[in-house]
Each structure stands twice: as structure tokens, then as C-alpha cells.
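Remarks on the structure that follows.
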Amino acid sequence: MPLFIVPLLLALDQVFKLAAIQSLTAGSRTVIPGLLDFTLVYNTGAAFGLFTGGAPWLAYINVVVGFGILYYLYRNPRLPAVQMVALSMIVAGAWGNAIDRIGRGSVVDYIDMTTNVGVIRDFPIFNLADMCVVIGVILLLLPQRRRRW
């Protein structure tokens, strides 16, 4: 499963980032008025503006974490499907942003929540790789059903 999910999500992430670079150089594009815009931002740090300028060492952390998770998946081939998908998504997200950090010196972000809803009003601009990591972590946190004997 990881051999399918990781390359697929990595490819989609890079395609969307290239599309953002090519089409958003002149500013934002409104997708859903009052809710969602596409805005091009180059992030040299981590989420929420943390570690600004730390792209080189963050890239290495992303790569190492990705390989560590893949090794764990290799050593545990009988994990539940939800856990395999979740961990594969985290690897794809980590490596997607590592590719940017290594190749561009910054991460390309483009999804901009433009709403006055309190919780997400000032939410940082993000990308598909970020979504993969967050969704993967949420899937890992969901309670797993266990068989009763």
C-alpha cells in the first residue's frame, strides 16, 4: 500500500505546487468567495511561521522521518489498513515539503482559508503535503476497532 500511496501523493503535491507557481505569480485567485483563495507563499520555515529560515535542517528531518516510517511499515506489514494509509500520508507530506526545501529553499504554500469564522480566520496558508500530514495524524488518533474474542 505505501508503494502506491506515497508516490501518488508526492506526484500530486508537486504538480499542484508547480501549477501554483505558474498561475499565482500575479496574486490570489478566489475559489470560493469568503472561504477559499489560492495565494502563493514561499515558506522558509515550518508551520505557523516557526523556525523561519530553517529550511535546510527541516528538510533533513523530513527525509529521515519519512525513511523511519517506511522502515516501520516494512517491519510491520500486518498493520491495520487505516494505520498504513495514515503513515503513508505522513511520509508523502514530509517528503513533499522536503523536496521543496531542498530544491527551492522554501516550501510552496497556496491554499488560503479566507473566512471570518473565528477558528480558521487567521489560519496559515498551506499545501497538499501539509494536509497529508495532518490527515495522517488524525487517522492515527482515531480509535481503532478491535475484534472481541
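Interatomic distance, CE of M113 versus CG of L36, reported as 6.0 Å (0.5 Å rounding). In this structure, the separation between OG on S106 and CG on L58 is 12.0 Å, given to the nearest 0.5 Å. Distance check, rounded to the nearest 0.5 Å: CG of L12 to CD of Q14 gives 10.5 Å. To the nearest 0.5 Å, atoms CG (L128) and OH (Y110) are separated by 5.0 Å. The line from CD1 of I21 to CG of D100 is 7.0 Å long, rounded to the nearest 0.5 Å.
With sequence neighbours excluded, no residue forms a salt bridge (charged side-chain N to carboxylate O under 4.0 Å, His left out) with D109. Every ring-ring contact (aromatic ring centres under 6.0 Å, His included) that F126 has, sequence neighbours left out, goes to F123. Not counting sequence neighbours, R29 has no partner by the salt bridge (charged side-chain N to carboxylate O under 4.0 Å, His left out) test.
Grouped with I138 in one hydrophobic cluster are V134, the linkage being side-chain heavy-atom contacts under 4.5 Å among Ile, Leu, Val, Met, Phe, Trp and Tyr residues. Membership of an apolar cluster is not assigned to V64, as no side-chain contact below 4.5 Å to another ILVMFWY residue is traced.
Placement of V31 and V41 in two distinct hydrophobic clusters is found when ILVMFWY residues are connected by side-chain heavy-atom separations under 4.5 Å, directly or transitively. I32 and I111 fall within the same hydrophobic cluster, where Ile, Leu, Val, Met, Phe, Trp and Tyr residues are linked whenever their side-chain heavy atoms come under 4.5 Å apart, directly or through other members. Note on L18: it does not cluster hydrophobically with M131, by side-chain heavy-atom contacts below 4.5 Å among ILVMFWY residues. Cluster membership check: L142 shares its hydrophobic cluster with V82, using side-chain heavy-atom separations under 4.5 Å among Ile, Leu, Val, Met, Phe, Trp and Tyr. Note: the hydrophobic cluster containing L141 also contains I135 (ILVMFWY, side chain heavy atoms under 4.5 Å, direct or indirect links).
For CZ of F67, the number of neighbouring non-hydrogen atoms (other residues, nucleotides, ligands) closer than 6.0 Å is 12 at most.
Donor-acceptor pairing under 3.5 Å is recorded for the side chains of D37 and T30.
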Would you give me the side-chain donor-acceptor pairs under 3.5 Å for residues 89-99, sequence neighbours excluded?
residue, atom, partner, partner atom, Å
W95, NE1, V63, O, 3.3
N97, OD1, K17, NZ, 3.1
N97, OD1, N127, ND2, 3.2
N97, ND2, D130, OD1, 2.8

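The shortest side-chain heavy-atom distance between Q83 and N76 does not fall under the 4.5 Å cut-off. Within the 4.5 Å cutoff, no side-chain heavy atoms of F38 are placed close to those of D112. When side chains are defined from C-beta on, L24 does not count as touching T39, because their heavy atoms never get closer than 4.5 Å. No side-chain heavy atom of N62 sits under 4.5 Å from any side-chain heavy atom of V65. Under the 4.5 Å side-chain criterion, counting only non-hydrogen atoms from C-beta, P2 is not in contact with L87.
Of all non-hydrogen atoms in L9 and C132, the two that sit nearest each other are CD1-SG, 3.8 Å. The two residues S88 and V6 have their closest heavy-atom pair at O-CG2, 3.5 Å.
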